[in-house]
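Before any comments, here is the structure.
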Amino acid sequence: MLEKSVSKSEKVPWTRARRWLLCFLMLLLLMLTLTLSVYNSNPQLSWSLHLWSTRSWSTKSSNNMTIQPDSMSSVDPSKIGQYFVAYPHQYHFILDEPDQCQQQRPFLVLMIPVAPQNRAARNAIRKTWARETTVLGRVVSHYFLLGLAKEGDGAETLLEQGKVLQESREHHDLLQSDFLDTYQNLTIKTMLILEWVTSRCPGVPYAMKIDSDMFLNVRNLVQMLQKAPQHTYLTGMVARGAPVVRDPSSKWFLPKEAFPDSHYPPYALGLGYVFTLDLAKKIIEASKHVKAVYIEDVYLGLCLRYMGIYPTDPPSGGLFKASMPYIWSNCYWTHVITTILNSPQQLLDVWQTYQTKAQTGC
Ligand SMILES: *[C@@H]1O[C@H](CO)[C@@H](O)[C@H](O)[C@H]1NC(C)=O
Ligand SMILES: *[C@@H]1O[C@H](CO)[C@@H](O)[C@H](O)[C@H]1NC(C)=O
């Protein structure tokens, strides 16, 4: 009897524990599925997920698990050129604001690469985060960097260019250079951002390269920079040990023939990174010695490695976010610095939420 009751009382907590374990596992599975579906809806996010998953593998590289599909990456040597861009090269600004930056002497300049026809993104940014021109007593300014609209029907390109000129006269925040504005040419755009800001903004301590589909909390950014290093500094969402993508169907494919290393040096993801202008100058110098791959954020990482300089992690986790979490806290927008959004309309909506939350003491 006693024995029976003992064995029974031992059995009950055991089955209960098993039931809890099962529940826990199912919850975990559910959360994983949700996260995956959110991540896959955004190409940039699947990249960071990819980074994350392969990074956790790469710790096991000694035991033969990191097999690269090298056979897939062999590429006709005459076609290697497509993975590099024409840089350094003398490009010309056909739209410029030559004196504005040195007159305003901002603490921080936001530099936003955007395609000429993406007026909706520019307008949403002007109504939201670019509107904050004095933050915590510091002047913040912004510029959009455009290339040339893609060749289509000649008359259409002219019409497009007319609209760009009109917009420039109205807002004085457009810079345009004479390279073809395509995805493959983003490295050129990024390097021109560095060239422009170092030559037109003397004495300015910080600049940020930020994509046009981002939420940006300028206040938190300025607050972070007020305590940040003032020289040789670059921060953002830093990727470490990222494997080179050898799958030819990927947006970030780079064959072995173009880049033999299996992993990239540390680099800050292109969605948004901040840097001191002295470092921007050094990167431009280094770029004369480093072949310009078309993946712009990786390229900056390669230039940094050339100099033996590495990106710095932000002072705390969760400031530079790629994705919006599936479930976010009430005060999410007042706590982050960046997050990728889906559309200009979503930026307008989120901005409204952010302002309301900020006023209600978040
Ligand atoms: C994996 O290990 C086997 C046996 O040790 C070796 O023959 C093979 O080359 C390794 N493969 C890779 C990709 O390292
Ligand atoms: C990049 O820009 C250059 C200069 O305008 C142009 O010649 C080249 O075709 C562009 N490359 C791509 C892949 O769009």
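What you see is a predicted model, and the numbers here were worked out from it, not measured in a lab. Atoms within each ligand, like the ligands themselves, are counted from 1 in listed order.
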Enumerate donor-acceptor pairs with a distance under 3.5 Å from any side-chain N or O in residues 100-119 to protein atoms, sequence neighbours excluded.
unit_1 : atom_1 : unit_2 : atom_2 : d
Q100   : NE2    : Y143   : OH     : 3.1
Q100   : NE2    : H172   : O      : 3.0
N118   : OD1    : A121   : N      : 3.4
R119   : NE     : E167   : OE1    : 2.9
R119   : NH2    : E160   : OE2    : 3.1

* Return yes when at least one protein heavy atom is under 4.0 Å from atom 7 (O) of ligand 2, and no when none is. => no
* Does an N or O anywhere in T182 fall below 3.5 Å from an N or O of ligand 2? -> yes
* To do: For atom 10 (C) of ligand 2, state which one of L180, T187, N185 supplies the nearest heavy atom.
  => N185
* To do: Run the ring-centre check on F215 versus Y354 and record whether the distance is less than 6.0 Å.
  => yes
* To do: Using a strict 4.0 Å threshold on nitrogen-to-oxygen distance, state whether R200 and D96 make a salt bridge.
  => yes
* Set of salt bridge (charged side-chain N to carboxylate O under 4.0 Å, His left out) partners for K209, sequence neighbours left out -> D211, E296
* Structure fact -> atom 13 (C) of ligand 2: closest protein heavy atom, distance to 0.1 Å, is Q184 CB, 3.5 Å
